[in-house]
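Dropping the structure in here first, questions after.
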Number of protein chains: 2
Amino acid sequence: MAITIKEVAQRANVAPSTVSRVISNDPRISEKTKVRVRKIMERLGYHPNFIARSLAKRSTRIIGLVLPSSSNVFYQNLFFPAILQGLSEGAQKEQYSLLLSTGKTEDEIYEGVVKMVQGGIVDGVILLYSRMNDHILTYLRDRAFPFVSIGKPYDFIEEITYVDNDNVLAAEQATDYLIQLGHERIGFIGDDLTFVKTLDRLFGYERALKRAGIVLSGEYIIHEDFSHEGGQAAAKRILSIDEPPTALVMSDDFLALGVVHSLREMGLRTPEEISIVSFNQVLFPEPSFHGLTSVDINIFDLGYQAAKSIIQKLQTGDAPTGSIIPHHFVERHSCKSIKRTAMTLTY
Amino acid sequence: MAITIKEVAQRANVAPSTVSRVISNDPRISEKTKVRVRKIMERLGYHPNFIARSLAKRSTRIIGLVLPSSSNVFYQNLFFPAILQGLSEGAQKEQYSLLLSTGKTEDEIYEGVVKMVQGGIVDGVILLYSRMNDHILTYLRDRAFPFVSIGKPYDFIEEITYVDNDNVLAAEQATDYLIQLGHERIGFIGDDLTFVKTLDRLFGYERALKRAGIVLSGEYIIHEDFSHEGGQAAAKRILSIDEPPTALVMSDDFLALGVVHSLREMGLRTPEEISIVSFNQVLFPEPSFHGLTSVDINIFDLGYQAAKSIIQKLQTGDAPTGSIIPHHFVERHSCKSIKRTAMTLTY
DNA sequence: TTGAAAGCGCTAACAA
DNA sequence: TTGTTAGCGCTTTCAA
């Protein structure tokens, strides 16, 4: 067994409570005894037992991270490590630790969250996603347990602390950009519409089209996983349309790469025959690498701010409702102008 | 405050210890009281407090994960999420949780590990890397604290539980493959040589060359980060050599993509002018996608087995010293034969 | 400025 | 089959 506070107290000829106060650097303890006790802690190699402390203080300084249930896809995308890095740095700064949810199915994850929360393992929770009708969010909210959502919540937006980009605006700008280039047959490819960010991006896309007086076509809106298979399926769908789009807005770089690749295999080149704008900007930051024109959503900042928000909430009991992380449109080489003026030159 | 075991006991007219035994499904308790107590737990919405249980049992069922200190690169590579997925599944299966180390620098990480271990937060630790002269490993070993290393340890290989591929053999096979294709000027690009896996792969590369009677050239061995910048730097180095290699063995897909890309920008095409074999196989499993001939090291299995090994160690007090995960050579389109017979045809 | 003592919620001898 | 009791190692009133 390891050294306890009692043994330190004995050696130092003080009460355990005094040692405890030395640990937390209580100002009521004289410098002299502090120095003496610290020396003995050092000599004995004493380290406080966090579990005992947690039990007494009813706080662990551990934050639970909840991944989405479609985590197989999540694990194959650089979004996850990027956001973890931000979370990790934000937590480390305030001496918090991060506990991962391990479940695969929705039920497993739910059970895991209940265990973390009711078991007193975590002081707060961060949801690494936001989707509609989420049981876990409802559970946390019903219990008034501190949590932060990465992604704007679908309901109760006024009362939930979240961190997000302005996805509507970002998608609108991306779509506008394509419209400016002369495109009118513009498609949208996103993943599961239960995710709020997909809804938002779709909404921004639609808003841009409407404002430009372009009629929406249901055929042009496609939903697939953020995976290579998803990309392939999406590419097939696109080519099966009578009047296929000349440009695409896509909700993720990985998905976009898959689509671009599949389209190329089917004989459709980017940007010559089809223009592409995507989201996330995690795959090699260099502009020259894959050449996807894309919206950089600053994933690291998203994670960092989420950690900051939950910690603030835990420490002050309150936190800003919504934090919006700025995005940046990064123009590269996956889009081509098809304005009539440009076209006539070609004729 | 939440419901405690005492309140359940009162309502059920039993002693707290009986409730405790019901929770752990102790066979000594009669079915009748079990049912009664469970009903009351249900009705009160009781959930055991894990912290209290952990303190009493001196075990938390939490496993600490330690990332390498060069984690900025780690976070930008799909190796990390892939191994996490394996770890996660292995942990979930046995009802263990995963705690992440959050530090950036070596010192921060070391402090974090000490805190986890001495603080009694974790029952065991998994090192997600293996490098020579690792303080953390030494610390854990000195304390005889249960841990598993992902990657063969540099020292004390007999007594440390680890999970790894046969990287020497894999690199030897990859190099052999290039030799079979007629290459003799073969380079090796890896990252930091303090990582054991890089050492092993380098060793396998050298062994294959020696066996084929090819003289090693120090110029042909390059070390760079697993990042795009690293790839760029490596590409420059290669082109600066008087007699540049006609083929490369590389220790990571991400690095390889960066190198391939940079080389192409500098006018050297793959596989026409330079052949490439790499490692990891995390970036889109489809053979057609990026076309890199590569060694699939089954990262998921590596993580899954690591979780399994540490849990076995925690439960039985013992575990196999080394588990070797099989690798698979995946032939694609990044290598070209330059055998003399083929060459003469061209002349 | 320090100490004594109770208690955080649970488990695990030992008794019955 | 169940209850009693003494901790696990720390914090925190209350008292001195």
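So you know, we letter chains A, B, ... as the sequences are listed, proteins then strands, and number each from 1.
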Exercise. Does the side chain of Q305(B) come under 3.5 Å of the side chain of S309(B) through a donor N or O and an acceptor N or O?
Worked result: yes
For this session: Name all pairs fulfilling the ring-ring contact (aromatic ring centres under 6.0 Å, His included) condition that reach into residues 98-120 of chain A, sequence neighbours left out, sorted by first residue then second.
Result: Y110(A)-Y139(A)
Seminar exercise, completed: To the nearest angstrom, the CD-P distance between E31(B) and dT1(D) comes to 10 Å
For this session: Take L99(B) and T60(B), measure what side-chain contact (heavy atoms from CB on, under 4.5 Å) needs, and give me the verdict at the end.
Result: CA-CA 11 Å; L99(B) 192 81; T60(B) 60; over 6 Å; no
What pairs of donor and acceptor atoms, side-chain ones from residues 38-48 of chain A against any protein atom, are under 3.5 angstrom apart with sequence neighbours left out?
residue: R38(A); atom: NH2; partner: N25(A); partner atom: OD1; Å: 3.2

For this session: Rounded off to whole Å, could you give me the NZ-to-C1' distance for the K6(A) and dC8(D) pair?
Result: 10 Å
Exercise. Heavy atoms, side chains only, cut-off 4.5 Å: are K308(A) and S323(A) in contact?
Worked result: no
Problem set entry | Closest nucleotide among dC8(D), dC8(C), dC10(C) to the P48(B) side chain | dC10(C)
Exercise. What is the distance, rounded to the nearest whole Å, between atom CD1 of I3(A) and atom C1' of dC10(D)?
Worked result: 16 Å
Problem set entry | V148(A), L87(A), D123(A) screened by side chain to side chain contact (heavy atoms under 4.5 Å, CB included) with I310(A), the one that passes | V148(A)
For this session: Output yes when at least one side-chain N/O atom of S54(A) is less than 4.0 Å from OP1 or OP2 of dC8(C), else no.
Result: no
For this session: Starting from P on dG9(D), measure out to CE on M41(A) and report it in whole angstrom.
Result: 17 Å
Seminar exercise, completed: Separation of dC10(C) atom C1' from R58(A) atom CZ, nearest Å, is 14 Å
Exercise. What's the NE2-C1' distance between H47(B) and dC10(C), to the nearest Å?
Worked result: 16 Å
Exercise. Do S24(B) and R53(B) have side-chain N/O donor and acceptor atoms under 3.5 Å apart?
Worked result: no
For this session: Check the distance between dG9(C)'s C1' and I51(B)'s CD1 and give it to me in whole angstrom.
Result: 11 Å
Exercise. For the pair made of CG in N13(B) and P in dT2(D), what is the distance, rounded to whole Å?
Worked result: 13 Å
For this session: Determine the contact category for D26(A): base if any of its heavy atoms lies under 4.0 Å from a base atom, sugar-phosphate if only primed atoms, P, OP1 or OP2 are that close, otherwise nothing.
Result: nothing
Exercise. Where along nucleotides 11-16 of chain D does protein come under 4.0 Å, by heavy atom, of base (B) or sugar-phosphate alone (S), with - for untouched nucleotides?
Worked result: BBB---
